[in-house]
Colleague: 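My structure is below; once you've seen it, I'll send some questions.
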Amino acid sequence: MTAASSSESAAPAAVLTPERGRISRRIAAITESATLAVDAKAKALKAAGKPVIGFGAGEPDFPTPDYIVEAAVAACRQPAMHRYTPAGGLPALKEAIVAKTARDSGLQATPANVLVTNGGKQAVYEAFATLLDPGDEVLLPAPFWTTYPEAIRLAGGVPVPVVADEQSGYLVSAAQLEAARTPRTKVLLFCSPSNPTGAVYPAEQVEEIGRWALEAGLWVLTDEIYEHLTYGGVSAPSMPVVVPELAERCVVVNGVAKTYAMTGWRVGWILGPTDVVTAVQLAELILEEAEVAVVPGEAFGTPGYLRMSYALGDDDLVEGVSRLQRLLGSAE
Ligand SMILES: Cc1ncc(COP(=O)(O)O)c(C=O)c1O
């Protein structure tokens, strides 16, 4: 049914006007990923037999290593893997991410600092959605990955590009960032090695920028997804490792897509302070400390409450409530 023919019905509220769009302005304002659009076209042409060479999406052209595929096949055969997982990710996966992070970048964290996402792209969006209020500005060194400004806008923020050119090796300086800072600046986006330039910030510059952000009271979202894609043995230092005092205001985004040629598997994560990566803290605490599962009231529109389903045997009911009493009593 078109908008015009729906005017025959008795429900004028459904009539579309230019002000009241069919989809929200927020979503309508998002631009399609230029790289994925080019990549999709190239793949379609290839499928049609055209000898297209793809310089589009940042995607390794080799398959995911066998040992990973074999482990995934084995996991698929385990019924335990067919179930809902905790919303923040499987505990064993969070442990593995913590160990990987300590091994690869030297950043020490705990599973409570990790939120598993459907790829790095979702991690970027969730981080901005958590940090930004409408009108908050994000300093965005340019050239930048096409998704950043869209994710910032989707979260109500304002991207503020800070351009680095070939003269500086595509690296922004703390002085340039300071010049772009306003009272509304909340976050600095930092991506090293960078997409699209491949530029890697040396440790001294990471430190200079990190200390500047700390001084300015900003958050840093550091995207480390290309950490292993460097040339000539250059390493890309992680900002919260170089400036440990920044860790409380730093969110690391990473994932398996690039290093392990797993772009289609959609596994990424956020690593950051616990208040950024967890939403309803009391329910988490109760599960961790007392091993009693309850649902936060936020899920039912009533923050400040807990919801307990009591479809349990009497023994479990008594034991569960006793554990809660011990935990909450000991917290007084
Ligand atoms: C800089 C950067 N960060 C994050 C991602 C997200 O990767 P994915 O969503 O495939 O895990 C990409 C993908 O191209 C990227 O270029």
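As the structure lists them, so they are numbered: ligands from 1, and atoms in each ligand from 1.
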Colleague: Is there at least one pair of N or O atoms, one from Lys258 and one from ligand 1, spaced under 3.5 Å apart?
Modeller: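 There is such a contact, yes.
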
Colleague: State the atoms of ligand 1, each with its element, that fall below the 4.0 Å cut-off from a heavy-atom position in Asp223.
Modeller: 1 (C), 2 (C), 3 (N), 4 (C)

Colleague: Please test Glu227 against Asn254 for side chain to side chain contact (heavy atoms under 4.5 Å, CB included), starting from the C-alpha separation and ending with a verdict.
Modeller: CA-CA 9 Å; Glu227 63 186 333; Asn254 208 333; 3.1 Å; yes

Colleague: Any side-chain donor-acceptor pair under 3.5 Å between Thr117 and Glu126?
Modeller: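 Checked: Thr117/Glu126 side chains show no N/O donor-acceptor pair below 3.5 Å.
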
Colleague: Closer than 4.0 Å to some heavy atom of Ile225 - which atoms of ligand 1 meet that?
Modeller: 2 (C), 3 (N), 4 (C), 5 (C), 6 (C), 7 (O), 11 (O)

Colleague: Do the side chains of Arg211 and Glu215 get close enough for a salt bridge, i.e. N-O under 4.0 angstrom?
Modeller: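 A salt bridge is absent here (no side-chain N lies under 4.0 Å from a carboxylate O).
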
Colleague: If you count the atoms of ligand 1 from 1 in the order shown, which ones are under 4.0 Å from a heavy atom of Tyr226?
Modeller: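 Taking each heavy atom of Tyr226 in turn, ligand 1 has 1 (C), 2 (C), 14 (O), 15 (C), 16 (O) under 4.0 Å.
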
Colleague: Short N/O distance, under 3.5 Å, between Ala257 and ligand 1?
Modeller: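 In fact, backbone or side chain, Ala257 has no N or O that close.
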
Colleague: Asn195 heavy atoms, cut-off 4.0 Å: which ligand 1 atoms fall inside?
Modeller: 1 (C), 15 (C), 16 (O)

Colleague: Determine the minimum heavy-atom distance between Val252 and Pro240, stating which atoms define it.
Modeller: CG2-CG, 4.0 Å

Colleague: Do the side chains of Leu189 and Phe128 get nearer than 4.5 Å, heavy atoms only?
Modeller: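 Heavy-atom side-chain distance check passes, below 4.5 Å.
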
Colleague: What atoms of ligand 1 come closer than 4.0 angstrom to any heavy atom of Gly119?
Modeller: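 In order of number, 9 (O), 11 (O).
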
Colleague: Report yes if the side chains of Val138 and Leu132 come closer than 4.5 Å at any heavy-atom pair, otherwise no.
Modeller: yes

Colleague: Check whether any heavy atom of Gly255 sits under 4.0 Å from an atom of ligand 1.
Modeller: no

Colleague: Is it the side chain (CB and beyond), the backbone, both or neither of Gln122 that lies under 4.0 Å from ligand 1, heavy atoms counted?
Modeller: neither

Colleague: Going by heavy atoms in the side chains, are Arg184 and Val160 under 4.5 Å from each other?
Modeller: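 SC-SC contact between Arg184 and Val160 ruled out.
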
Colleague: Nearest non-hydrogen atom to atom 12 (C) of ligand 1 belongs to which of Trp145, Tyr148, Trp265?
Modeller: Trp145

